[in-house]
Amino acid sequence: MGRNRKRAGKTVLALLLLFLLAGCGTKEAGQAEAKQQSEEAAERQEESADVPVTEEEPRESSYTLWNVYWNLEGVEEQTEELAEYVANVNFFAAYFDQNDTVFLPQATTDFYTANGSSYQERGWNCYLTVVNDQVNEDGSSSLKSTELLYRLLEEEENYQAHAESLITLAKEAGYDGLEIDYENIRKDDVLWGYFMNFIGYLYEKCVEEELLLRVVIETNINADQIQWVEGPVYCVMCYNLYGSHSEPGPKADRAFLEEVMEKMRFVPGEVDYALANGGFDWSGDGTVTSLTVKQAETLLSEYGAEAERDESAAKVFQYTDEDGIEHEVWYGDQETLDAWMLWLQSEEHWNYSIWRLGE
């Protein structure tokens, strides 16, 4: 019995010793593993510190400004007010004589001579805008003539010659690019086909001659059915919701801009959205008069009217003239344009054209 108890005691002591030794080994192993993990974490932290953390740069608005040959008063001052955002200045416009020959009015040439070089020195691109207006033999004008476009664009030989004449005109005058503003095509699928053939050829020639190319398009088109040419910048006119063709109302509103954005999903590249300041005066006698911002605000002051800002962001007021005729005026100022730009930015559109400068 005594020997057995001694042996049992020795056995218990041996087991306890083994247990303690095993515990120490586990502790040491755990400490080694923790040390290794800590060293690896430090290495990862050191490596990550060498990798630059890049934050996405905030987008900035980009403006294209139109100046028009028939109203250049105040343009230089207005350009300076918007200079922070300016990317392009468009000189409006070259058009056609009775022989279908494109030419520049002297006022456009003079204004470009006075300002073009300084604009280019500031990094702004200067575009020559070409429109499908024509002076007839009797001195009258055909505005937005589709008959002219058919003559210029229907035949390959004609549209190629036309494209080359535009490039020559822009290059000789010193412009950085061409802007094609051929309107009134609307939903004429045949003319759209001719027009896109012309744009495709013109774009190739512009690339060869190191000229930029912009193409102005209207909203009343079948955007999903047009065979768009990739390469040019497309600028969509967002300001014909209400006007001389309609009852009183704003040039644009949020619903209208959303419809335009949906259409522009079919257009290749980053679309430029053209917005218009100024507005119209609807008279009780049925006449509708176009107004600049300055003209609208002069009427507001002259007749002591009070303007309200509509939910469209446009301003509206009424007055009675000296003949007792009621008038309703809708117009957009810079605050209006800023609101429209914010709505467009909600869909990541950042490039805008402003129609137009001039008082």
Side-chain angles (χ1 to χ4, degrees), residues 58-68 71-90 92 124 216 219 235-244 246-261 264 270-282 288-319 327-359:
R59 292 294 302 270
E60 292 185 358
S61 299
S62 171
Y63 289 3
T64 295
L65 307 180
W66 275 298
N67 57 70
V68 298
N71 184 0
L72 294 168
E73 184 178 356
V75 167
E76 291 164 280
E77 293 80 2
Q78 292 169 345
T79 301
E80 285 304 318
E81 290 173 3
L82 302 172
E84 178 183 355
Y85 305 101
V86 175
N88 309 305
V89 180
N90 295 1
F92 194 99
W124 303 346
V216 177
T219 58
C235 171
V236 62
M237 300 163 53
C238 302
Y239 44 84
N240 286 326
L241 182 58
Y242 293 90
S244 57
S246 72
E247 62 186 11
K251 286 188 173 183
D253 61 20
R254 186 162 195 165
F256 172 67
L257 292 176
E258 288 174 350
E259 290 175 8
V260 174
M261 286 189 282
M264 292 305 102
E270 191 166 359
V271 176
D272 186 299
Y273 286 80
L275 305 171
N277 54 32
F280 293 90
D281 181 334
W282 283 266
V288 182
T289 305
S290 176
L291 299 172
T292 65
V293 175
K294 184 175 182 179
Q295 290 168 338
E297 291 179 346
T298 298
L299 285 173
L300 187 64
S301 174
E302 181 179 347
Y303 289 97
E306 292 186 8
E308 297 181 352
R309 195 169 296 278
D310 179 70
E311 64 182 2
S312 67
K315 300 188 80 172
V316 57
F317 66 91
Q318 294 80 31
Y319 72 93
H327 294 252
E328 185 170 339
V329 175
W330 287 76
Y331 74 101
D333 56 11
Q334 188 58 45
E335 189 173 337
T336 306
L337 300 189
D338 290 341
W340 292 341
M341 290 176 193
L342 283 175
W343 293 338
L344 291 165
Q345 286 171 15
S346 67
E347 294 293 329
E348 295 297 319
H349 300 300
W350 300 86
N351 300 326
Y352 316 108
S353 294
I354 298 178
W355 179 265
R356 60 180 169 79
L357 304 184
E359 298 182 349

Point to revise | Nearest atoms (heavy-atom pairs only) where V329 meets A296 | key: CG1-CB, 4.4 Å
**Study point:** Separation of N277 CG from W355 CH2 (nearest 0.5 Å)
**Key:** 10.0 Å
Check your understanding: Which residue pairs satisfy the side-chain hydrogen bond (donor to acceptor under 3.5 Å, both in side chains) criterion with at least one member in residues 77-89, sequence neighbours excluded?
Key -> T64-N88, E80-R122, N88-N125
Review point. Which heavy atom of L275 sits nearest a heavy atom of M341, and at what distance?
Key: CD1-CG, 3.8 Å
Exercise for review: Specify the closest pair of heavy atoms between S61 and Q345, including all atoms of both residues, with the distance to one decimal.
Suggested key: OG-NE2, 3.3 Å
Exercise for review: Check whether more than 12 heavy atoms from other residues, nucleotides or ligands sit under 6.0 Å from atom CD of E302, and answer yes or no.
Suggested key: yes
Review point. Are the side chains of L357 and F92 in touch, meaning some heavy atoms are under 4.5 Å apart?
Key: no
Point to revise | Atom pair CH2 (W330) and CH2 (W282), whose distance is rounded to the nearest 0.5 Å | key: 8.5 Å
**Study point:** For G332 against V293, the heavy-atom pair lying closest together
**Key:** O-CG2, 3.3 Å
**Study point:** From Y303 atom OH to F317 atom CZ, the distance as rounded to the nearest 0.5 Å
**Key:** 10.0 Å
Exercise for review: Please report the shortest heavy-atom distance between N351 and S62, naming the atom on each side.
Suggested key: OD1-CB, 3.4 Å
Exercise for review: Would you confirm whether T292, through its side chain, and E359, through its main-chain N or O, come within 3.5 Å as a donor-acceptor pair?
Suggested key: yes
Check your understanding: Counting N and O atoms only, with roles assigned by atom type, does the side chain of S246 sit under 3.5 Å from a partner on the main chain of G243, one being a donor and the other an acceptor?
Key -> yes
Point to revise | Student check: side-chain heavy atoms of Q295 and Y331 closer than 4.5 Å | key: no
Review point. Can any side-chain N or O of T336 pair as donor or acceptor with the backbone N or O of A313 at less than 3.5 Å?
Key: yes
Review point. Run the side chain to side chain contact (heavy atoms under 4.5 Å, CB included) check on W124 and L65 step by step: do they pass?
Key: CA-CA 10 Å; W124 303 346; L65 307 180; over 6 Å; no
Exercise for review: Please round to the nearest 0.5 Å and tell me the distance separating atom CG of L344 and atom CZ of R254.
Suggested key: 9.5 Å
Throw together a table of side-chain donor-acceptor distances under 3.5 angstrom for residues 235-242, partners on residues two or more places apart or in other chains.
none

**Study point:** L82 side chain reached by Q334 side chain, heavy atoms, under 4.5 Å
**Key:** yes
**Study point:** Least distance between heavy atoms, D272 atom then Y352 atom
**Key:** OD1-C, 3.4 Å
Point to revise | salt bridge (Lys or Arg N to Asp or Glu O under 4.0 Å) partners for R309, two or more places apart | key: D333, E335
Review point. Nearest 0.5 Å, what's the CD-NE2 distance between Q318 and H327?
Key: 11.5 Å
Review point. Measuring from W343:CH2 to L257:CG, what's the distance to the nearest 0.5 Å?
Key: 7.0 Å
